[in-house]
Structure formats: C-alpha cells, structure tokens
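This report concerns only the one structure given below.
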Amino acid sequence: MYLEIQERVRERFAKVVQEMFAVAIAEPVLDIPPRPEMGDLSISSCFELARQLRQPPQKIAEQVLPRLLPLEGVERASVAGGGYVNLHLDRAGIAAALFSLRSPRPATQPSSRGKILIEHTSINPNKAAHIGHLRNAVLGDTFVRLWRFRGDQVEVQNYIDNTGVQVADVVVGFVHVEKKSAAEVERLLRDPAVRFDYFCWDLYARVSQLYEQDKEMLALRLEALKAIEEGRGEMAKIAALVSTAIVRKHLETMRRVNVAYDLLVQESEILRLDFWKCAFELLKRRGAIRYETSGKNSGCWVMSLEEAGPGEAGQEIEAEEVKIIVRSNGTATYVGKDIAYHLWKFALLDKDFGFEEFHRYPDGHTVWRTAVDGRPGAPAFGRASVAYSVIDTRQSYLQKIVGAAFRALNYPEQAANLHHFAYEVVGLSPRCAEELGIKLSADERERSYVEVSGRRGLGIKADDLIDVLFDLKEAMTFEGETGPYLQYSVVRGRNIFRKYRESHPELSPGAAEDPSDLVPPEQLNSLLSGESGQNFWELVVLAAQLETIVEQAIATAEPSVLAKHVFRLAQAFNNFYHRYHILSEPDPARQNFLLCLVRLASDTLSRSLDLMGIEVPPHM
RNA sequence: GGGCGUGUAGCUCAGCUGGACAGAGCAUCGGAUUUCUAAUCCGAGGGUCGGGGGUUCGAGUCCCUCCACGCCUGCCA
C-alpha cells in the first residue's frame with residue numbers, strides 16, 4: 001500500500017521538477033515527518049534542488065506544490081520547515097483498502113530476481129548449539145522470511161563442516177580418551193539416557209585441555225584430520241556418526257525456534273566429489289592463483305589480493321598481500337573449499353552434488369543433504385542469482401577473498417551478487433555468566449562480555465535480533481521491547497473478537513464477518529479526523545508501512561528494523577486498547593470501525609511476528 | 001605496522017543515502033484500572049552524540065586528525 005503511494009509520489013515529483021525547471025532528479029527522497037500531525041510523508045528534495053537552482057528551498061517547494069496534486073492516495077500537501085513538502089494521505093481510502101486487504105494477503109507479484117540463496121547457521125557438528133548459534137540462526141531465518149514475504153524464491157542452506165578440526169578433536173576424544181570403537185559410539189548415541197550432543201561437548205573440552213597440557217598430542221589431531229578427509233578407517237566412521245547425530249540434534253533445536261532448512265551441504269562431499277580439484281583447475285587456468293617457488297610461502301599456491309593495477313606498484317617494496325589457497329602439502333585451506341562451494345552456488349562449477357533426503361519436518365517439508373551417490377527426485381539446488389552468507393564478522397576477511405577470487409576468475413557479476421551478511425559475535429555479560437555458574441577470572445570480570453560457553457538460557461525478545469550482548473535476566477523479562485509484549489498485544493486483540501462473537505454468534509468466520517462492509521465509507525472520514533481520529537490513523541499508518549519496512553530491512557540487511565517497527569505498532573495498539581473500550585461502544589458504526597482497527601493491528605502484528613518466527617499463544 | 005568495526009542517557013542499543021526540537025527499552029521516581037486479561041497505559045528526571053579541526057545554508061550522520069576498545073592480518077576454520 002505505502003510502497004505504491006511512495007512510488008507515485010516519487011514519479012510525480014520528478015516529473016513536475018523536470019517540467020518546471022528542466023532538471024532531472026534521480027530519486028526524490030521521502031521521509032516520515034517527525035510529528036504525525038505534520039503529515040504522513042515528506043519530500044526533502046527541495047533542499048537539494050536549492051543548490052542547483054540557486055533559489056531558496058521554500059520557494060521551490062511552493063512552486064512545485066500546486067502541480068503535485070491530484071494524486072491517488074494523497075489528500076493534500078503543504079510546505080513546512082523551510083522547504084519540506086508534506087503530504088497528507090487519503091485516510092479513509094487507505095483505511096478502507098487495508099481493512100479489506102490485510103487478512104487475505106494480496107497475491108505477491110512473482111519476482112524476476114531469480115533464486116536467492118541464503119546460507120546460515122553452519123555450526124560445527126561436534127557439540128550442542130548454544131545461545132550464540134541460536135541467535136545467528138534466528139537472524140538468518142528472519143532474513144529468509146523477509147525475502148519470502150517479498151515474493152522471492154529462497155533456498156536455505158546450512159553448511160556442515162564435517163571434516164574439520166572441531167569434529168576431528170571429538171574423534172580424538174572418542175578414540176584416545178574414551179577408547180571407544182565406532183560400534184560403541186553408535187551404541188552411545190542410540191542410548192536415550194545419554195544426551196549425546198552434550199556428551200561430545202564435554203569430550204571436546206577435555207581434548208582441548210589435553211592439547212594444552214601436552215602439545216605433542218596435537219599430532220593426534222592431524223592424524224584424525226587426515227583420516228577424516230580421506231574418508232577411510234575407524235576414525236572417519238566415527239566422524240560421520242558424530243557429525244550426523246549432532247546435526248540431527250541441531251535440526252531439532254532449531255525447529256523449536258521455528259528455523260528450517262532446505263539443504264545441508266557437507267564439506268565431505270566438496271572433497272570427495274572433487275569440487276575442490278575442479279575449482280583448483282579453474283583458478284590455475286585463469287591465472288587467479290600462482291605457485292610460489294621461493295620465500296616463506298614456497299611450495300604453496302597463493303592468491304594475490306592486490307586490487308590496484310600494476311601501474312603504481314614498485315614505488316615501495318612492500319610485502320605483497322597474499323593469501324594461501326593450497327598448502328605446501330597439497331591440501332586446500334578453508335578458503336579454497338569455500339571458493340569451490342560458492343562457485344557451485346552460482347552454477348559456475350562444472351559439477352553437481354548428489355542429494356539424499358535427510359529429515360522430514362512435521363509439516364512435510366524435507367531437508368536434503370549432499371551425498372556422493374545421490375538419489376533421484378531432488379530439487380534443483382544451487383543455481384542462485386544472489387547468495388547471502390550469514391556468518392560472523394570475524395570472517396569478513398575470508399569472505400572478501402572469495403569475492404576477490406570471483407573477480408580474478410572474471411565473474412564480476414556474480415561477485416557483486418555475493419553478499420556477506422556479517423553479524424557480531426554474541427557474548428555473555430559478566431553478570432549473566434556468573435549467574436549461569438561460570439567462574440570468571442578477575443580479568444574476565446573486567447571485560448564487557450564473556451565468550452559464550454553456557455548451555456542454559458534461551459530467551460527470545462525483539463532485539464535479540466540486534467543485541468550483541470546476551471544477558472539472561474534481560475532476555476527473560478516480559479516487559480518492554482520483548483517478544484511476550486508483542487505476543488500479548490495480539491492476544492488482547494483476539495480476546496476482543498472472542499468476546500464479541502459470544503454476543504454476536506451470527507458472525508461466523510469468513511467473509512460475512514468482515515466488519516469493513518459495515519462501515520460506510522463516508523463515515524470513515526469523520527472517524528479518522530479529530531483528536532481520536534489522529535490516534536486511529538496512527539495505527540493505520542503503522543500497519544500500512546509493513547511492506548516498506550520489509551523492503552528496508554532487506555536492503556540494509558538489518559532485520560532489527562522490522563523488530564523495531566513491530567514494537568512501535570504494538571505500543572500504538574496497547575495505547576489504543578487502553579483508551580478506547582470497544583465492546584461497550586454504543587454507536588454500532590463506530591464499534592465496527594474500532595473492530596476493524598483491532599483486526600488490522602492484530603493481523604499485522606501476528607504477520608510481522610511470523611516474519612521473525614514468533615508464534616502467538618492462544619492465551620497468556 | 002596494515003585492514004575492518006565500534007564509541008550516542010546509569011545500562012543495552014536505534015538514529016535509513018547530511019535536513020524540521022537528539023530517540024527507545026531497562027533502571028529510578030511519580031501517577032492511572034468498579035471496563036475487552038495490569039504481561040497494560042500516562043508522566044518526570046537523565047545526553048558538551050569519545051576529543052579536536054574541516055566541508056556545508058545545515059553534521060550524531062561526510063572528510064582529516066587524535067584517543068579508547070574489539071576483531072582480522074595462520075600452510076585454523
């Protein structure tokens with residue numbers, strides 16, 4: 001609704017400016033005025049034009065103003081604040097449209113953008129998920145939901161590093177500390193009395209201690225790593241058992257916060273299906289990497305990160321910035337494997353995975369997993385036109401290298417469509433850590449956060465989407481900017497309808513109960529004017545802005561934008577709820593109107609909550 | 001040393017490509033309900049936007065510089 005009006009305003013404004021001043025204006029900037037009574041939309045472009053036209057902004061605005069209207073959806077316009085053009089929207093028209101629109105969604109227009117591939121979660125499969133992982137998954141999942149809301153085709157991938165150091169360490173633990181065979185590990189993970197993911201976590205911690213006490217033990221890690229990479233022997237068998245079992249635990253955990261996936265991409269297949277070999281050949285052939293025969297990187301294949309042309313080189317003999325892609329022992333570094341994976345995402349690799357069904361959610365949705373020997377019937381995974389990697393900010397450098405590799409391979413377009421959605425690492429506040437029973441050193445207590453290692457405590461609130469610091473007390477509260485506050489708003493709205501139906505049993509669910517049929521359009525105008533009209537209108541405006549907010553959240557890769565907006569809507573609704581008593585309203589037309597507002601607000605709220613994966617309980 | 005990021009109220013953070021009086025939540029203090037669930041609502045106090053320069057009609061926002069902190073700069077991921 002808002003999107004269309006904004007588009008019309010932009011177009012008209014640009015056209016008028018073009019006609020009057022013969023100046024082309026790229027994209028007129030629309031804002032929301034600071035106070036609602038000033039209007040619903042404002043154009044600040046006259047300030048910009050003032051420079052070009054050498055006229056005061058106020059004068060330009062006054063000249064443009066009369067030619068802006070009539071415009072569908074806009075009732076009147078005014079000039080204020082020394083050059084702003086403020087637009088007052090057609091309240092009755094918009095309200096009427098929204099009352100009938102919001103509940104049955106308008107058909108989303110199919111997007112021409114192609115497939116959006118979003119990779120998130122990507123937890124090492126060697127321990128239970130902790131609060132930081134949960135937050136990151138929720139962040140990624142919300143982003144997925146935003147794209148889907150907009151009507152785009154989205155594929156969700158979860159990268160499973162099942163051949164890496166972290167899994168290898170747990171394997172070392174099972175073999176050398178626990179002295180267990182693969183068969184015994186299998187028995188253990190089938191034992192319902194054992195929480196296998198936590199068991200592995202403890203084991204992982206014990207192995208880390210082992211390394212610290214005796215550096216010689218690190219040789220065990222290398223041994224395990226090699227066996228796992230080559231996929232042979234008892235160790236590889238244990239690695240596969242561990243990672244598969246833990247991934248199942250992760251899927252369960254994520255399901256509880258309504259996070260789902262389409263495909264699990266395993267590193268083992270990247271290795272075994274020679275994805276890397278293929279990418280390596282490509283990199284060599286296109287000269288993106290070179291073999292070092294001398295210096296400290298002798299024997300390695302490296303990629304130069306010099307973005308600048310060769311012209312300015314040689315002024316100073318600085319060490320060239322170089323990233324090792326292939327180690328001198330011939331194995332690929334993580335970046336190398338990541339380059340191969342990303343090439344596949346864009347169908348730039350002359351290879352494809354096999355796929356097998358891995359898990360089915362209660363709603364019937366299937367999660368597939370890569371496999372060496374695939375089964376037929378898998379969807380066409382990959383082949384993305386845009387790819388997002390939801391990964392923490394510490395990996396920014398590595399993500400940049402993947403992009404650089406794309407450019408070096410002469411895939412500038414795909415490089416531009418490769419996005420790193422970087423989030424900050426989650427830490428516990430020292431207070432929270434101590435509450436969880438973690439002993440802190442004096443040094444840690446001084447720090448602003450403690451690295452997450454706790455296993456208890458999960459709270460979902462609106463700004464988990466923006467918070468970096470996790471504090472159990474804060475996360476578990478029910479007041480303020482929290483999930484329960486938002487949920488409660490919806491419950492309150494629904495209660496009104498429940499009670500209303502008790503006294504109006506003739507209103508069965510369905511089209512007949514649509515109260516907007518019962519509010520004559522001419523009455524909408526008077527209901528939406530005056531002081532209370534202003535309150536009602538604010539509710540309508542906030543609801544109408546949902547699509548605009550979603551656009552903004554996607555464009556800035558900042559889902560918290562949505563969380564903030566939902567909170568504002570809930571606040572406005574609670575205020576409204578407090579001031580106007582709906583069921584005792586004597587005027588039937590006004591009561592119907594109020595009911596429409598309640599439904600608009602509560603539908604928009606629950607829809608927005610759904611975008612964040614939050615459900616609304618029937619009672620609170 | 002280089003790269004990236006952060007620094008806004010006591011605490012945790014918003015502030016979109018520079019624009020109309022610096023915002024929210026929590027915490028503190030003071031109020032509101034014979035009503036559709038008080039998990040609510042209203043109000044108050046509290047900020048030289050890290051410091052200093054500069055660009056501009058206008059800077060929390062852009063540029064320079066300094067300070068503090070974090071991350072990266074591994075033949076770990």
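These values consider heavy atoms only, across backbone and side chains, with no hydrogens, waters or symmetry-generated copies. We name chains A, B, ... by the order of the sequence lines, and we start the count at 1 in each one. Fair warning: this is a prediction, and the values are worked out from it, not measured in the lab.
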Provide, to the nearest angstrom, the distance between the CH2 atom belonging to A:W301 and the C1' atom belonging to B:C75.
15 Å
Quick one: pull up CD in A:Q209 and OH in A:Y204 and give me the separation to the nearest 0.5 Å.
12.5 Å
Rounded to whole Å, OH of A:Y580 lies from P of B:A32 at a distance of 21 Å
Carboxylate-amine/guanidinium contact A:R150 A:E547, below 4.0 Å:
no
Specify the separation, in whole Å, of atom CG of A:L594 and atom P of B:C36.
16 Å
Rounded to whole Å, please give me the gap between NZ in A:K296 and C1' in B:G74.
9 Å
Could you tell me how far B:G51 sits from B:A44 if I compare only their C1' atoms? Round to whole Å.
32 Å
Strictly below 4.0 Å: does A:N329 bring a side-chain N or O up to OP1 or OP2 of B:C75?
no
Are any protein N/O atoms closer than 3.5 Å to N/O atoms in nucleotides 38-42 of chain B? If there are, list each pair with its distance.
| from | atom 1 | to | atom 2 | distance (Å) |
| --- | --- | --- | --- | --- |
| B:A38 | OP2 | A:R492 | NH2 | 2.6 |
| B:U40 | O2' | A:R492 | NH1 | 2.9 |
| B:C41 | OP1 | A:Y485 | OH | 2.4 |
| B:C42 | OP1 | A:N575 | ND2 | 3.0 |

Parallel, tilted or perpendicular for A:F275 and A:W344, by the 30°/60° rule?
tilted
So what does A:F47 hit on the nucleic acid, given a heavy-atom distance under 4.0 Å: a base, only sugar-phosphate, or nothing?
base
Verify side chain to side chain donor-acceptor pair (under 3.5 Å) between A:E267 and A:T163, making sure each step is shown before the conclusion.
CA-CA 6 Å; A:E267 187 159 285; A:T163 61; 2.8 Å; yes
For the P atoms, the ones on B:G53 and on B:A59, what distance do you get once it is rounded to whole angstrom?
14 Å
Rounding to an integer number of Å, can you tell me how far A:I160 CD1 sits from B:A77 P?
17 Å
Distance col, row A:S602:OG vs A:L597:CG, nearest 0.5 angstrom, shows 11.5 Å
On RNA chain B, check which nucleotide each of A:T393 and A:M38 is closest to and give me the residue with the more 5' one.
A:M38
Say you pick atom C1' in B:G1 and the same atom in B:A20; how far apart are they, in whole Å?
46 Å
Just checking A:S298: base, sugar-phosphate only, or nothing, at a heavy-atom cut-off of under 4.0 Å?
base
If we call it a pair only when both distances are under 3.5 Å in a Watson-Crick or G-U wobble match, what pairs with B:C49?
none
Hey, does A:D169 reach any base, or is it just sugar-phosphate, or nothing, if we go heavy atoms under 4.0 Å?
nothing
Any A:R327 side-chain nitrogen or oxygen under 4.0 Å from OP1 or OP2 of B:C76:
yes
Looking only at side-chain atoms of A:F567, point me to the closest of B:A24, B:U73, B:C75.
B:A24
Tell me if the centroids of the rings in A:Y488 and A:F478 come within less than 6.0 Å of each other.
no
Salt bridge or not for A:E62 and A:K59, using N-O below 4.0 Å?
no
Counting only Watson-Crick or G-U wobble pairs whose two distances fall under 3.5 Å, which nucleotide matches B:U34?
none
Can you tell me the Watson-Crick or wobble partner of B:A68, both distances under 3.5 angstrom?
B:U6
Identity of whatever pairs with B:A20 - Watson-Crick or G-U, under 3.5 angstrom
none
Which value, in whole Å, describes the distance between the P atoms of nucleotides B:U34 and B:G25?
25 Å
Side-chain contact check for A:N297: nearest option of B:C75, B:A20, B:A24 is B:C75
Please state whether the base of B:A77 and the side chain of A:D392 form at least one donor-acceptor pair under 3.5 Å?
no
With a non-hydrogen cut-off below 4.0 angstrom, is A:V335 in contact with a base, only sugar-phosphate, or nothing?
nothing
Roughly how far, to the nearest 0.5 Å, is the OG atom of A:S489 from the CG atom of A:N575?
11.5 Å
Identify whether the distance between the nearest side-chain nitrogen and carboxylate oxygen of A:E292 and A:R290 falls below 4.0 Å.
yes
Paired to B:G58 by Watson-Crick or G-U wobble criteria (both distances under 3.5 Å) is none
Any base atoms under 4.0 Å from A:D31, or only sugar-phosphate, or nothing? Heavy atoms, all strands.
base
Could you measure between the two P atoms, the one in B:G52 and the one in B:G60, and give it in whole Å?
13 Å
Sticking with atom P, work out how far B:C66 lies from B:C76, rounded to a whole angstrom.
36 Å
Taking atom P of B:C75 as reference, at what distance in whole Å does atom CD1 of A:I401 sit?
11 Å
Using atom C1' in both nucleotides, what's the gap between B:U73 and B:U56 to the nearest angstrom?
37 Å
Using a cut-off of 4.0 Å on non-hydrogen atoms, how would the nucleic acid contact of A:T333 be classed: base, sugar-phosphate, or nothing?
sugar-phosphate
Mind checking who B:A27 pairs with, Watson-Crick or G-U wobble, both distances under 3.5 Å?
none
Any base atoms under 4.0 Å from A:S42, or only sugar-phosphate, or nothing? Heavy atoms, all strands.
base
In Å and rounded to the nearest 0.5 Å, what is the CG to OH distance from A:L595 to A:Y500?
5.5 Å
What about A:S396, does its side chain sit under 3.5 Å from the base of B:C72 through a donor-acceptor pair?
no
Expressed as a whole number of Å, how far does the P atom of B:C49 sit from that of B:A9?
10 Å
Considering only heavy side-chain atoms of A:P33, the closest of B:A20, B:A77, B:C76 is B:A20
Kindly compute the distance separating OG (A:S243) from CG (A:N124), expressed to the nearest 0.5 Å.
10.5 Å
Whole angstrom is fine here: how far is it from CZ in A:F593 over to P in B:C36?
22 Å
Touch class at under 4.0 angstrom, heavy-atom based, for A:Y159 against every strand present:
nothing
Expressed in angstrom and rounded to an integer, what is the separation of A:R135 atom CZ from B:U12 atom C1'?
13 Å
